[in-house]
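One structure below.
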Amino acid sequence: MTVTPTASTAPTTTRELFALILRRMLVVTVAVTVLAAVAGWLLAQSSGLWGAVIGGGIGLLFCGTTVASMVLGDGKSPQFLAVVVLGGWLAKMILILIVLVVIRNLTFYDKYVLAATLGAIVIASLAVEVLAIKSARIPVVDTTPASQDVPPAS
């Protein structure tokens, strides 16, 4: 069952929207990590549990920093937003690559549980973002007077 926010609870500003996404993403990430930890324990004992915990941490870092970069770029110029989002993405890729290289040869975690947890978190986070944006009531009309939009004629 999908819960659709009423007009009074739907976000009306980008700041409210990003806050809603961050809250829901945290809840979904924790829920997926707990479910994956239980499943990992049942499938691979403690190594499955550790795989789920590591996957949950990487997933939270990966998905949470995307929304955090959008919050940082909110209300700024499109160029600043592009630098923040692309720079953040590049930093995340480098950080994840380093983490994966460091833990590559360690045996205390299950690689398959880690990958499944991370994949489930990414898909769930995408669903959270889409549903939140779909329910938002943010006007997209520029309300500045026309005289301020047009530069003076020379």
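Sequence positions, counted from 1, serve as the residue numbers for this chain.
Judged as a ring-ring contact (aromatic ring centres under 6.0 Å, His included), the pairs with a partner in residues 42-89 (not counting sequence neighbours) are, in order, Trp50-Phe108.
Residues Met25 and Ile133 fall within the same hydrophobic cluster, defined by Ile, Leu, Val, Met, Phe, Trp and Tyr side chains chained together at heavy-atom separations under 4.5 Å. Cluster annotation: Ile96 is connected to Val99 through the hydrophobic network of ILVMFWY side chains, with a link wherever side-chain heavy atoms come within less than 4.5 Å. Taken together through direct or relayed side-chain contacts under 4.5 Å among Ile, Leu, Val, Met, Phe, Trp and Tyr, Leu86 and Met93 form parts of separate hydrophobic clusters. Val71 and Val85 fall within a single hydrophobic cluster, where Ile, Leu, Val, Met, Phe, Trp and Tyr side chains are chained together by heavy-atom contacts under 4.5 Å. Residue Val30 is not grouped with residue Leu131 when hydrophobic side chains (ILVMFWY) are merged at heavy-atom distances under 4.5 angstrom, including chains of intermediate members.
Heavy atoms only, all atoms of each residue included: Ala120 and Val32 are closest at CB-CG1, 3.8 Å. For Ile121 against Gly55, the heavy-atom pair with the smallest separation is CD1-O, 3.9 Å. Contact detail for Ile103 and Leu114: the closest heavy-atom pair is CD1-CD1, 4.1 Å. The minimum heavy-atom distance between Gly48 and Val113, with the atom names listed, is O-CG1, 3.2 Å. When all heavy atoms are compared, the tightest approach of Leu81 to Gly73 is CD1-CA, 3.8 Å. When all heavy atoms of Leu17 and Ala136 are compared, the pair lying nearest together is CD1-CB, 4.0 Å.
No donor-acceptor distance shorter than 3.5 angstrom exists from the side chain of Thr65 to the backbone of Ala68, with no hydrogens or angles considered. No donor-acceptor pair under 3.5 Å is formed between the side chain of Tyr109 and the backbone N or O of Ala52. Side chain of Ser125 to main chain of Val122: no donor-acceptor pair is present (N/O by atom type, distance under 3.5 Å, no hydrogens or angles). Of the possible donor and acceptor atoms, one in the side chain of Lys111 sits under 3.5 Å from a partner among the backbone N and O of Arg104.
The line from CG of Leu90 to CG of Leu95 is 11.0 Å long, rounded to the nearest 0.5 Å. Rounded to the nearest 0.5 angstrom, Ile54 CD1 and Leu106 CG are separated by 8.0 Å. Once rounded to the nearest 0.5 Å, the distance linking CG of Leu118 with CG of Leu60 reads 11.0 Å. Atom CD1 in Ile98 sits 10.5 Å away from atom CG in Leu100 (nearest 0.5 Å).
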Query - Residue pair Met70, Thr14: steps toward the side-chain contact (heavy atoms from CB on, under 4.5 Å) verdict - result: CA-CA 9 Å; Met70 295 303 292; Thr14 53; over 6 Å; no
Requested in this report: Check the pair Leu61, Lys92 against side-chain contact (heavy atoms from CB on, under 4.5 Å), reporting the backbone distance first and the verdict last.
Outcome: CA-CA 8 Å; Leu61 173 73; Lys92 285 189 296 189; 5.6 Å; no
